[in-house]
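Below: one structure, written as structure tokens.
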Amino acid sequence: MAEQKQLRRTALKIGGMHCAGCVNSIQYFVSKLDGVQKCEVNLATQKASVEFDPNIVGLSKIESAVNDAGYSVVYERLTLKVSGITDSSDAQNLEKKLKTTEGVHDVSVNYGNSQVVMQYNSALISLSDIRSVIAKSGYAIMSEDLSESAEELEAKKLKKLLGIGVFLTIPVMIFGYPEFLSFVPFAGSDYSAYAVFVCASIVQFVSGSRFYSGAFRIAKLKSANMDTLVVLGTSAAYLFSAYNTFPTPQWHNLYYDAASLVITFVVLGKYLENKTKGKTSSVIKKMLELQPKTARIIQDGAELEIPIEQIRLGDIIIVRPGERIPVDGIVMSGHSAVDESAITGESIPTEKKQGDSVIGGTIAQEGMLQVRAEKIGSDTMLSQIVRLVEDAMGKKPPMQKMVDRISGYFAFFVIASAVVTFLGWYFFTIHGEHHLAASLIPAVAILVVACPCALGLATPTAVMVGMGKGASHGVLFKSGEALESLGKINTVVFDKTGTLTEGKPQITDIVSADSSYTEERILEIASIAEKNSEHPLAKAVLRKAQEKNISVISPDDFSVISGKGAKALRGDSVILVGSPGFLQESGIAIDAILEIITKLQEQGKTAILVSIDSKLVGVIGILDTPRKEAVFVVDQLQKRGMNIVMLTGDNQKTADTIASQIGIDKTIANILPSEKADVVKKLQQGGSKVAMIGDGINDAAALAVADIGIAIGSGTDIAIEAGKIVLVRNDLGGLLAAFDIGKKTISKIKQNLAYAFLYNILLIPVAGLGLLYPAIAGLAMAASSVSVTGSSLMLKRWNPKNNLYLD
């Protein structure tokens with residue numbers, strides 16, 4: 001356990017990856033380092049998620065391992081003009097502060113021109129975080145010059161290579177077919193063959209340079225990937241053609257068009273893939289854009305507009321109609337309808353008044369608010385959501401791990417198929433003048449048409465879009481595994497209090513067990529014992545005491561007996577408040593009020609007993625009403641074939657009454673919080689795949705043990721560690737959305753994988769039979785990668801239907 005606490009998790013943005021072979025190579029090199037616990041690389045996000053022990057291995061060593069594998073850690077470049085740097089000492093202090101900030105790779109602060117030039121890892125630190133560090137150091141940013149992102153630079157590079165490929169492939173095609181284009185000047189001449197050679201060479205080694213460098217990197221690992229296949233196929237066609245060009249061109253043996261078209265089509269596919277991959281992860285960018293750059297605060301009685309990074313806890317922020325609330329806070333004055341749909345998925349604006357909490361990034365639609373800042377920077381709900389979603393996108397579901405393993409061997413299978421095809425054509429077909437070419441072209445077509453990229457992209461692109469869809473509907477999947485496992489669930493276990501019920505119990509009855517004690521006196525005694533308790537029932541007692549203007553006295557000593565009640569000392573008196581069983585265990589007779597207890601329980605109420613100095617003085621009946629959406633949600637889950645179980649610490653009669661109101665057949669009552677995990681384990685041992693739904697506090701152990709733990713968030717408290725899925729909105733309706741999104745995403749992954757496998761299964765034999773010219777094979781290969789990412793993007797148009805409950 002001690003070693004586990006030392007582990008650190010980080011993310012690195014990787015440049016130069018093309019396919020699943022690249023993923024496996026990086027994972028191999030980084031994972032074999034001493035101190036690295038786990039390394040997962042995501043092809044779609046181009047990021048590596050690494051868990052390591054900083055006492056054994058440093059981040060620089062991990063980056064070196066990535067470089068050793070032939071890839072690079074990508075850093076964004078940023079130039080800032082900063083005011084407030086008065087001397088070189090200021091510049092050195094700011095530089096030192098930035099250098100010690102996690103995620104900043106290199107930084108230089110120039111006192112002469114007050115300029116900060118830095119490189120940073122966007123997977124570890126955001127531009128907002130950098131602004132915040134500079135603001136907290138006492139400096140103000142005058143201007144920003146953010147260099148183009150790695151994705152934009154990659155897209156520009158690909159566009160340039162594509163332009164070269166298209167421009168020079170056109171003359172290759174025009175002069176390469178003299179038998180069909182005899183009207184073209186110099187058609188069929190030696191000069192035109194040499195011109196085709198020059199153009200094809202530039203396409204091969206300039207436009208195709210990325211494939212050669214990629215193939216060389218993977219060859220050093222004694223492995224193969226997409227680059228290997230493209231290089232082998234196009235080089236074979238190019239070298240065979242070059243051999244037949246000099247000294248005298250043999251036109252019937254020139255296949256420059258095959259090599260050039262393949263290179264151009266594959267670069268086109270990579271360019272389009274780069275564009276579509278960017279769209280799959282756009283949910284993060286959209287979320288970051290929700291936060292405004294500036295805010296208006298009240299300072300010394302006047303309004304002052306400041307950058308959002310300079311907001312401090314306790315600042316009073318003014319939010320006018322149509323403006324976004326900058327940070328999480330509490331409404332101090334005003335009234336407004338706030339659109340929270342971008343954060344919680346709730347389509348109907350929420351009314352906000354004094355005392356209500358508001359979420360940063362939401363929009364005040366009408367009325368002005370004054371908001372006190374409660375959470376700023378990385379502590380805000382929006383920042384937590386972005387962090388959770390980014391972290392989840394770096395974790396692979398089991399299905400993707402399996403596909404990556406298959407893809408690792410796929411390139412070798414293709415190379416073997418190409419060799420067998422070449423030998424088969426060479427030795428078992430009729431020999432003739434063009435025999436070598438006739439054997440080579442089908443082999444080249446096999447190398448080019450096979451596409452491990454489609455296999456590598458099938459899962460991560462769908463997972464990214466699915467998680468983005470979940471985030472926009474108030475459902476946070478903490479990993480791809482959570483998405484995948486959700487489809488296997490057949491039993492749903494609900495905690496009662498705060499999950500199936502509102503979690504705001506109200507006192508409905510106070511019955512005296514001794515005529516000398518009034519209702520007020522019973523309530524006063526109970527409130528002494530419950531004053532320091534955080535239990536929902538204790539809060540109900542304190543609320544009722546406040547309503548009746550009863551002064552609540554602090555106990556001299558206080559202890560909680562988990563799942564049973566509370567014990568307090570006040571002067572010489574011992575006060576017990578809790579369940580009937582708790583008081584009986586404490587030696588207090590309750591026979592005289594058993595009938596009252598039974599009557600309350602039959603009404604679905606929880607009966608808590610109050611005693612002082614071993615004398616029973618009264619019974620308090622507390623009712624926690626079911627959530628209005630609970631009946632609909634339970635009904636929908638049962639229609640999907642789910643077994644529903646309710647867990648509660650209440651007695652069986654109260655549990656059965658609440659369960660019958662909601663429509664649940666199976667209840668397990670009188671359960672202590674510590675026993676909930678045992679119930680879940682017992683269900684699993686019986687063959688059930690269990691999802692546990694709870695509030696993430698008393699249910700933490702059960703949430704962790706379940707196949708899928710689903711925690712219901714409340715307000716801005718969404719960083720619940722135990723659950724694998726978090727429902728941001730304090731509403732069970734999100735549970736149906738979670739199941740729908742999980743099912744749809746897994747369906748899309750299976751569809752993508754089926755297409756990718758079917759594509760290769762069908763087209764490799766077609767190419768081997770000589771029915772697919774290499775150029776067409778290259779176009780098909782490019783189209784397969786684009787079509788898989790495009791298929792995943794179709795998920796963006798879909799929305800879960802059953803996330804709304806009926807009133």
Check: [Y] main-chain N/O paired with [X] side-chain donor or acceptor under 3.5 Å:
{"X": "Ser485", "Y": "Ala482", "answer": "no"}
{"X": "Lys724", "Y": "Ser479", "answer": "no"}
{"X": "Thr461", "Y": "Leu457", "answer": "yes"}
{"X": "Asn121", "Y": "Ala11", "answer": "yes"}

Is [Y] close to [X] at the side-chain level, that is, under 4.5 Å between some pair of heavy atoms?
{"X": "Asn799", "Y": "His473", "answer": "yes"}
{"X": "Lys38", "Y": "Val50", "answer": "no"}
{"X": "Lys478", "Y": "Ile725", "answer": "no"}
{"X": "Thr169", "Y": "Phe265", "answer": "no"}
{"X": "Leu158", "Y": "Arg210", "answer": "yes"}
{"X": "Lys748", "Y": "Met794", "answer": "yes"}
{"X": "Val267", "Y": "Phe211", "answer": "yes"}
{"X": "Ser72", "Y": "Asn67", "answer": "yes"}

Does Lys32 make a cation-pi contact with Phe29, if we ask for NZ or CZ under 6.0 Å from the ring centre and within 45° of the axis?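 Yes, cation above the ring, under 6.0 Å and within 45°.
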
Please find the pair of heavy atoms, one from [X] and one from [Y], that lie closest to each other, and give the distance.
{"X": "Leu440", "Y": "Ala236", "result": "CD2-O, 3.8 Å"}
{"X": "Ala65", "Y": "Leu33", "result": "CB-CD1, 3.7 Å"}
{"X": "Gly466", "Y": "Thr745", "result": "CA-OG1, 3.5 Å"}
{"X": "Phe477", "Y": "Gly742", "result": "CZ-N, 4.4 Å"}
{"X": "Gln204", "Y": "Ser235", "result": "NE2-N, 3.7 Å"}
{"X": "Phe52", "Y": "Val57", "result": "CD1-O, 3.4 Å"}

Under 6.0 Å from the OH atom of Tyr191, do we count more than 12 heavy atoms belonging to anything else shown? no

Classify the side-chain pair [X]/[Y] by whether it contains a donor and acceptor separated by less than 3.5 Å.
{"X": "Ser791", "Y": "Tyr755", "result": "no"}
{"X": "Asn752", "Y": "Ser792", "result": "yes"}
{"X": "Tyr256", "Y": "Thr245", "result": "yes"}

Given Leu12, which of Ile26, Leu59, Val74 fulfils the side chain to side chain contact (heavy atoms under 4.5 Å, CB included) condition? Leu59

Test side-chain contact (heavy atoms from CB on, under 4.5 Å) on Glu484 and Glu481; report intermediate values, then the result. CA-CA 5 Å; Glu484 186 175 329; Glu481 184 181 358; 5.7 Å; no

Kindly determine whether Asn760 and Phe410 satisfy side-chain contact (heavy atoms from CB on, under 4.5 Å), including the steps that lead there. CA-CA 10 Å; Asn760 286 296; Phe410 181 75; 3.5 Å; yes

Output for pair (Leu762 CG, Phe757 CZ), nearest 0.5 Å, gives 13.5 Å

Do the rings of Phe246 and Phe197 sit parallel, tilted or perpendicular, given the 30° and 60° boundaries? perpendicular

Verify side-chain contact (heavy atoms from CB on, under 4.5 Å) between Val172 and Val203, making sure each step is shown before the conclusion. CA-CA 10 Å; Val172 170; Val203 173; 5.6 Å; no

Apply side-chain contact (heavy atoms from CB on, under 4.5 Å) to residues Tyr773 and Asp257 and explain how you reach the verdict. CA-CA 10 Å; Tyr773 193 66; Asp257 60 307; 2.8 Å; yes

Quick one: are the ring centres of Phe205 and Tyr212 less than 6.0 Å apart?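 Centroid distance Phe205-Tyr212: below 6.0 Å, so yes.
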
